[in-house]
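Working notes for the structure below.
Values reported hereafter were calculated over all heavy atoms of this structure, with side chains retained and with hydrogens, waters and symmetry mates removed. Numbering of ligands and ligand atoms starts at 1, following listing order.
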Amino acid sequence: MVLLSGPNMAGNEIKYVTDCLETGWVSSVGKYVTQFEEMTAQFAGTKYAVATSCGTTALHICLILQKVTAQDLIIAPNITFIASINSIKYMGANVALIDVDKDTWQLDLDLLQEFLETETEQRNNICYHKKTNKRIPVIMPVHVLGNMCDMDRLLALAKKHNIIIIEDSTEALGSYYKGKHAGSFGLMGTFSYNGNKIITTGGGGMIVTNDEELAKKAKHLTTQAKSDAFEYVHDEIGYNYRLVNVAAAMGVAQMEQLPGFINKKKEITEFYKNAFSKVADIEFQKLTEHVLPNNWLPTISTTKQKQILKALNDAGLQSRPFWVPMNKLPMFVNEIYFTHNDLSNKVYQNCLSLPCSTYITNEQLEQVAKTVLNNF
Ligand SMILES: Cc1ncc(COP(=O)(O)O)c(C=O)c1O
């Protein structure tokens with residue numbers, strides 16, 4: 001099987017993990033956790049980074065730090081991986097799912113603006129949803145596939161309506177908008193190191209922020225809110241959400257290779273773009289102006305989605321459909337879905353992601369291209 005986006009462990013992973021095993025520093029404290037955090041903060045251009053057990057827990061902690069409650073409504077796009085919305089539901093809050101742009105597959109900012117202007121009002125500089133009387137403290141944009149929306153416009157909208165931004169930038173390590181790294185626009189941003197991501201620690205995540213107080217609190221909350229270095233004194237309800245040293249050791253080795261991985265992903269994406277350039281029924285994700293993407297997961301949109309998915313997977317070339325839109329999942333059918341044309345559904349029905357591991361061979365790429373082209 002040619003994997004969709006498999007882990008590439010060709011660097012110092014074994015060396016650093018062996019160091020953990022030999023020294024016994026395998027658990028939640030150790031030099032690699034700190035080093036991984038420092039490397040990430042430097043790469044993302046933020047002052048602080050706090051390593052977590054995964055991207056989902058990173059998002060959960062961000063929402064806890066914003067004191068989100070069951071009386072709140074959080075804004076998020078309708079096309080995302082379920083973890084974004086789950087993290088909101090862990091807080092008991094409701095979600096206003098906004099439909100996505102048909103070309104960039106990101107939160108549609110025209111719709112967001114309309115929602116904010118027609119459905120919300122300010123009371124004492126706090127944004128409220130008029131119909132449900134719920135407070136709207138947070139917008140969670142999701143940088144789907146390493147693309148982003150117009151971040152200047154999003155930030156301006158959020159500021160105007162007194163809403164904070166927490167970026168689900170889990171897929172966007174190595175993506176930039178106007179030269180600024182994903183995750184560094186909002187009050188907090190998050191990364192995931194799940195097995196298929198551009199770098200992986202098996203499972204892991206990160207919170208990035210420029211706010212010292214929030215970074216300290218994030219670290220505190222992810223380590224059971226232990227407030228005394230020696231005694232088991234805890235000053236609030238905490239979480240066991242810290243990344244372990246043995247995973248962070250992999251993270252350090254992966255960060256060393258990240259620039260190379262980004263180059264390779266770009267090459268792979270360009271290969272597919274060339275291979276399919278003459279097929280009118282294949283479109284690639286349109287990049288928002290000023291976005292330099294990480295090209296993490298080349299994904300095409302075509303009316304032949306189902307048959308191509310079948311042909312590729314039958315040939316041992318792993319390819320995947322897009323996520324079922326959040327408003328269609330049974331747990332979220334009663335959440336608000338703000339849309340005019342339900343473009344999420346079209347994106348869902350047409351998109352599929354192509355094999356793109358950083359170690360994929362030219363022959364395998366040719367095989368994928370041939371299998372796709374056979375359907376036209
Ligand atoms: C958009 C999005 N949000 C959140 C997550 C959650 O990250 P994790 O799997 O590390 O919990 C992922 C990745 O899996 C994701 O793709």
For V142, the ligand 1 atoms with a heavy-atom partner under 4.0 Å come out as 1 (C)
A student comparing I82, N194, L297 should find that the heavy atom closest to atom 9 (O) of ligand 1 comes from N194
What protein heavy atom sits nearest atom 15 (C) of ligand 1, and how far off is it?
T170 OG1, 3.4 Å
Tell me which protein heavy atom sits closest to atom 11 (O) of ligand 1, plus the residue, atom name and distance to 0.1 Å.
T56 OG1, 2.5 Å
Starting from atom 12 (C) of ligand 1, locate the nearest protein heavy atom and write down its residue, its atom name and how far away it is, to 0.1 Å.
F81 CD2, 3.5 Å
Mark up the atoms of ligand 1 that fall under 4.0 Å of a heavy atom belonging to S84, in ascending order.
3 (N)
Short N/O distance, under 3.5 Å, between S192 and ligand 1?
yes
When you check the gap from the basic side-chain N to the acidic O, do E121 and R123 get nearer than 4.0 Å?
yes
Kindly indicate whether a cation-pi arrangement holds for K197 with F191, taking the cut-offs as under 6.0 Å to the six-membered ring centre and within 45° of the axis.
no
Ligand-side contact atoms (ligand 1) for residue partner G55, heavy atom cut-off under 4.0 Å
7 (O), 8 (P), 10 (O), 11 (O)
Are D168 and T170 close enough that a side-chain donor and a side-chain acceptor fall under 3.5 Å?
yes
Pair D108 + K102: basic N to acidic O under 4.0 Å
no
G205 near ligand 1, heavy-atom distance under 4.0 Å?
no
Identity and separation of the nearest protein heavy atom to atom 16 (O) of ligand 1:
E171 OE2, 2.6 Å
re atom 3 (N) of ligand 1, the protein heavy-atom contact at minimum distance is D168 OD2, 2.7 Å
Sub-4.0 Å heavy-atom contact, K197 with ligand 1
yes
Tell me whether the count of non-hydrogen atoms from other residues, nucleotides or ligands lying under 6.0 Å of NZ in K130 goes above 12.
yes
T80 heavy atoms, cut-off 4.0 Å: which ligand 1 atoms fall inside?
1 (C)
With heavy atoms only and a cut-off of under 4.0 Å, state how V144 meets ligand 1: side chain, backbone, both or neither.
neither
Would you say that more than 12 heavy atoms from the other residues, nucleotides or ligands in this model lie under 6.0 Å from the NZ of K219, or not?
no
Classify the contact between A83 and ligand 1 as side chain, backbone, both or neither, using a heavy-atom distance cut-off of under 4.0 Å.
side chain
Salt bridge flag under 4.0 Å for residues D72 and R135
yes
Between E256 and N12, is there a side-chain donor-acceptor contact under 3.5 Å, judged purely by atom types and distance?
yes
Looking at E270 and K273, is any side-chain nitrogen of the basic one under 4.0 Å from a carboxylate oxygen of the acidic one?
no
List ligand 1 atoms under 4.0 Å from G204, heavy atoms only on the residue side.
10 (O)
Any donor-acceptor pair under 3.5 Å linking the side-chain atoms of E38 with those of Q42?
no
Could you tell me whether K216 and E212 make a salt bridge, using a distance below 4.0 angstrom between a side-chain N and a carboxylate O?
yes
Does G203 have a heavy atom less than 4.0 Å from any atom of ligand 1?
no
